Amino acid sequence: QLQLVESGGGLVQPGGSLKLSCVHSGFTSGYRVAIGWFRQAPGKEREGISCLSSSGRNTNYVDAVKGRFTISRDVAKNTVYLQMNNLKPEDTAIYYCAGLLTLDTALCTMAKPAYNYWGQGTQVTVSS
């Protein structure tokens, strides 16, 4: 079982920055943890926006956030971050981190069905 808790959301003006955190914990039975960040805007499907492999070497981003968002981690703190810069009103959404247990240390996926464990979400609002 894996537990995930997000934090760091809030209200920011266009062009501003936020850094989201996702702390994961729990017994993984020797499996490694890969993390994905997702977001869901009102009236829209939840979409994957970034992922990080359990090795930390592989990352990926959806085109809409490439060059603006950066995923990283602090292994000692079991925490994965999403640094979001140059935020736009269309980035407004509830942001979720999700985890999957895997033996593939290179696995980095933004496919929602791949994830079994989800955080509660944190609201990000970009508005002037």
Side-chain angles (χ1 to χ4, degrees):
Q1 285 280 3
L2 195 61
Q3 293 83 44
L4 303 106
V5 179
E6 306 97 331
S7 61
L11 172 64
V12 64
Q13 291 187 340
S17 298
L18 282 174
K19 187 173 185 178
L20 305 183
S21 299
C22 170
V23 180
H24 58 90
S25 61
F27 182 63
T28 62
S29 301
Y31 287 84
R32 304 290 294 274
V33 180
I35 296 292
W37 280 100
F38 294 77
R39 67 184 180 186
Q40 187 166 17
K44 293 190 175 183
E45 294 287 320
R46 191 175 300 186
E47 62 167 343
I49 58 172
S50 185
C51 62
L52 178 70
S53 66
S54 64
S55 68
R57 287 191 286 268
N58 297 329
T59 62
N60 201 6
Y61 303 90
V62 69
D63 286 347
V65 308
K66 275 182 184 176
R68 300 189 298 124
F69 291 11
T70 303
I71 193 169
S72 64
R73 69 178 184 175
D74 184 327
V75 175
K77 295 181 178 179
N78 282 347
T79 301
V80 175
Y81 304 100
L82 187 68
Q83 177 68 47
M84 306 187 295
N85 298 328
N86 190 22
L87 283 161
K88 305 175 181 181
E90 51 264 41
D91 294 318
T92 295
I94 300 174
Y95 283 70
Y96 300 88
C97 69
L100 66 89
L101 302 179
T102 179
L103 296 176
D104 182 355
T105 60
L107 178 61
C108 173
T109 178
M110 296 184 288
K112 191 172 58 176
Y115 291 87
N116 301 107
Y117 304 98
W118 293 84
Q120 81 288 353
T122 185
Q123 176 71 47
V124 172
T125 303
V126 185
S127 175
S128 55

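Quantities reported herein were computed from a predicted structural model and do not represent experimental measurements.
- Contact annotation: the side chain of Tyr117 never approaches that of His24 to less than 4.5 Å [non-hydrogen atoms, C-beta and beyond].
- Residues Leu87 and Tyr96 do not share a hydrophobic cluster, defined by chaining ILVMFWY side chains whose heavy atoms lie under 4.5 Å apart.
- Other residues, nucleotides and ligands place more than 12 heavy atoms under 6.0 Å from the CD atom of Glu90.
- Remark: the Thr125 side chain and the Ser127 side chain contain no N/O donor-acceptor pair separated by less than 3.5 Å.
- Between the CD atom in Gln40 and the CD atom in Glu45 there is a gap of 7.0 Å [rounded to 0.5 Å].
- To the nearest 0.5 angstrom, Cys97 atom SG is 9.5 Å from Ile71 atom CD1.
- Ser50 places a side-chain heavy atom less than 4.5 Å from the side chain of Leu82.
- Taking all atoms of both residues into account, the shortest heavy-atom contact from Leu103 to Gly30 is CD2-O, 4.2 Å.
- Between Asp91 and Lys88 there is no salt bridge, since none of the side-chain N atoms of the basic residue sits less than 4.0 Å from a carboxylate O of the acidic one.
- Inter-residue side-chain proximity for Gln123 and Thr92 is flagged as met; some heavy-atom pair is nearer than 4.5 Å.
- A single hydrophobic cluster is not seen to contain both Leu100 and Leu4; linkage of ILVMFWY side chains at heavy-atom distances under 4.5 Å, directly or through other members, places them apart.
- Val5 and Phe38 end up in different hydrophobic clusters when Ile, Leu, Val, Met, Phe, Trp and Tyr side chains are linked at under 4.5 Å.
- By the criterion of side-chain heavy atoms lying less than 4.5 angstrom apart, applied directly or through intervening Ile, Leu, Val, Met, Phe, Trp or Tyr residues, Val80 is grouped together with Ile49 in one hydrophobic cluster.
- Here the side chains of Ser54 and Val33 are not in contact, with every heavy-atom distance at 4.5 Å or above.
- For the side-chain contact (heavy atoms from CB on, under 4.5 Å) test, residues two or more places apart in sequence or in another chain that qualify with Ser17 are Gln83, Asn85.
- Considering only heavy atoms from C-beta on, Val65 comes within 4.5 Å of Arg39 through its side chain.
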Atom pairs and distances, side-chain donor-acceptor, residues 106-116, under 3.5 Å, sequence neighbours left out:
| from | atom 1 | to | atom 2 | distance (Å) |
| --- | --- | --- | --- | --- |
| Thr109 | OG1 | Ala111 | N | 3.0 |
| Tyr115 | OH | Thr109 | O | 2.5 |

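- For Arg46, the salt bridge (charged side-chain N to carboxylate O under 4.0 Å, His left out) test picks out no residue, with sequence neighbours left out.
- With hydrogens and angles disregarded, no donor-acceptor distance shorter than 3.5 Å links the side chain of Tyr61 to the backbone of Arg68.
- Between the side chain of Glu6 and the backbone N or O of Cys22, no donor-acceptor pair lies under 3.5 Å.
- Under the 6.0 Å cut-off for aromatic ring centres, Trp37 and Phe69 do not qualify, their centroids lying 6.0 Å or more apart.
- The shortest non-hydrogen separation linking Thr79 to Lys77 is OG1-O, 2.8 Å.
- Both Ile35 and Val62 belong to a common hydrophobic cluster when Ile, Leu, Val, Met, Phe, Trp and Tyr are linked at side-chain heavy-atom distances under 4.5 angstrom.
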